[in-house]
Amino acid sequence: MKFSELGLSDSLLKAIKRSGYEEATPIQEQTIPMVLKGQDVIGQAQTGTGKTAAFGLPIIEEIDTDNPNIQAIVISPTRELAIQTQEELYRLGKDKHARVQVVYGGADIRRQIRSLKQHPQILVGTPGRLRDHLNRHTVKLDHIKTLVLDEADEMLNMGFLDDIEAIVNQTPSERQTLLFSATMPPEIKKIGVKFMTNPTMVRIKAKELTTDLVDQYYVKARDYEKFDIMTRLIDVQDPDLTIVFGRTKRRVDELSRGLVARGYNAAGIHGDLSQDRRTKIMKKFKHGELDILVATDVAARGLDISGVTHVYNYDIPSDPDSYVHRIGRTGRAGHHGVSLTFVTPNEMDYLREIEKLTRVRMLPLKPPTAEEAFKGQVASAFNDIDELISQDSTERYQEAAEKLLATHDATDLVAALLNEMTKEPASDVPVKITPERPLPRRGHGHRNGRSGHGYRGPRDRRHNNYSHRRRNHDGHSRSRRHDGHGNSHSSRHSFNIRHRNED
Ligand code: ADP
Ligand code: MG
């Protein structure tokens, strides 16, 4: 459906157009008219379906820009999500001149207090920090018209219920309350009853749950084998932009360190890093200055990063919903993606659980050999060279090139440069990853309480996914990433950075 049919005014339609949105997503199409009417709405749709704009657009529409009070508040589980939401609301509300601010923990509170003096009309924040501000009376919620609980399932998982309640209690009881979530565990409905008035429930079936756009593979390996296999796979698959998921913070640290040691342009994020550091890493990743982001589930949850070509699950998630969220980071907006999940022999039941939920069978992948990995690196170097040569600014090197060719054999010369462009053999850089306890063995058919509610699509999906899945993917993804600004990131970039890392 067109945005123009949803009852939004021109300044918003302009901002929507500028954002490049052509059509409203299903959750937007269904919830925007309800929110505009002032109803309480519970909206469930999988990650990446545009829930932010689903509540953001109608909220901005209703903001009175002559009123200096905070009129809408969005509670968000993590700093990253809060920042991302603030940015999107700011972008969408720019033409209307709506003021949007964000507050989150781990950042200087005095600075936040100073910016709050500019009278935001929409405030986005994490639960703890919002409570802080309420206690200090630096945020007042008595003019709130709309309250949003965003990524509500995650807020519950993180134990924010008390904070949320404290915040909600300071808003007027006649407010509008909206709740958005990727999954719908039963506790969320309890929140609905507690904080909302006759909420309407909108559930978008996750039909593109694990979309045909993502080729899903698994590799069976023992824990201690995984790292070497992963770096070989990276060499063979030559991904553009990759997220590696690890089960624990220690894993994330060790994996990112190991990847850097082997010459990959990688960095890790998890909850123990300073806010500053996380923001910096995320920025680099979004701008294509970082090839591999290593993350825990929580740190990466809901992050909107476009152009991710590969998701590696270094550890298989214990919860099928997490799997869906993880691989939802790729295959977005029509782009093709690859996911690869490591599974130790006794974790196979978890793999089957995931397949039961997604109704897509993962294809086994044989670990590449060291020789195949080497060939992959050379192929990637060839690509880099093609790209370097097509750039026409090499004239001033002509003379130097001729000199070199006069003194060296051309083959020796190219081989030396290829050696420089590829990584040292992995066997020369041993990396030891501390073993994690494997997931407890689990019986067939057992599900834990919370999984399995959100994503079961209609039965006919079984046909769709099983019959249409790709079988012939060769594991070589060479597409270049376009960042939406007309730039095609070439691997030249990563080549340069790789060298910086090796210094
Ligand atoms: P969710 O909260 O459901 O996980 P987001 O609100 O973060 O999803 O949106 C995911 C991405 O989709 C964002 O980059 C957002 O700008 C983009 N997006 C939102 N609505 C549309 C639309 N109608 N068409 C295209 N892209 C959209
Ligand atoms: Mg969201």
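Counting starts at 1 for both ligands and their atoms, following the listed order.
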- request: Could you tell me whether the side chains of Q176 and T146 share a donor-acceptor contact shorter than 3.5 Å?
  value: yes
### Task
Take atom NZ of K94 as the centre, draw a 6.0 Å sphere, and report whether it contains more than 12 heavy atoms from other residues, nucleotides or ligands.
no
**Request:** Output yes when a side-chain donor or acceptor of S256 lies under 3.5 Å from a complementary backbone atom of V294, and no otherwise.
**Result:** no
field: Pairing of R352 and E355 as salt bridge, 4.0 angstrom limit
entry: yes
Under 4.0 Å between heavy atoms, the region of E88 that gets near ligand 1 turns out to be side chain
Any nitrogen or oxygen of G50 lying under 3.5 Å from a nitrogen or oxygen in ligand 1? Just yes or no. yes
Taking only non-hydrogen atoms of E23 and a 4.0 Å limit, the atoms of ligand 1 in range are 22 (C), 23 (N), 24 (N)
A student checking ligand 1 against T49 at a 4.0 Å heavy-atom cut-off should list atoms 1 (P), 3 (O), 8 (O)
Without hydrogens or angle criteria, can the side chains of Y314 and E254 be said to hold a donor-acceptor pair below 3.5 Å? no
Checking distances from the Mg ion (ligand 2), one finds that the N, O or S atom of E151 closest to it is OE2
Going by the 4.0 angstrom heavy-atom rule, the piece of Q28 near ligand 1 is side chain
F3 heavy atoms within 4.0 Å reach ligand 1 at atoms 23 (N)
A quick test of your reading: do over 12 heavy atoms of other residues, nucleotides or ligands sit less than 6.0 Å from CG of N198?
no
Q) Could a heavy atom of F180 be found less than 4.0 Å from some atom of ligand 1? A) no
Heavy-atom proximity to atom 2 (O) of ligand 1 ranks first, among M1, E22, K51, for K51
Within 4.0 Å of some non-hydrogen atom of Q46, the atoms of ligand 1 are 3 (O)
Original post:
Does T52 reach ligand 1 with a nitrogen or oxygen that is under 3.5 Å from one of the ligand's nitrogen or oxygen atoms?
Top reply: yes
Value for CZ (F3) from CD (Q28), rounded to nearest 0.5 Å, stands at 4.0 Å
Within 4.0 Å of some non-hydrogen atom of T25, the atoms of ligand 1 are 22 (C), 23 (N)
Here the atoms of ligand 1 under 4.0 Å from any heavy atom belonging to E151 are 2 (O)
**Asked** Going by distance alone, is a donor N or O of one side chain under 3.5 Å from an acceptor N or O of the other, for D153 and S181?
**Response** yes
_Using modelled atom types and a 3.5 Å cut-off, is there a donor and acceptor pairing between side-chain atoms of D163 and backbone atoms of P127?_
no
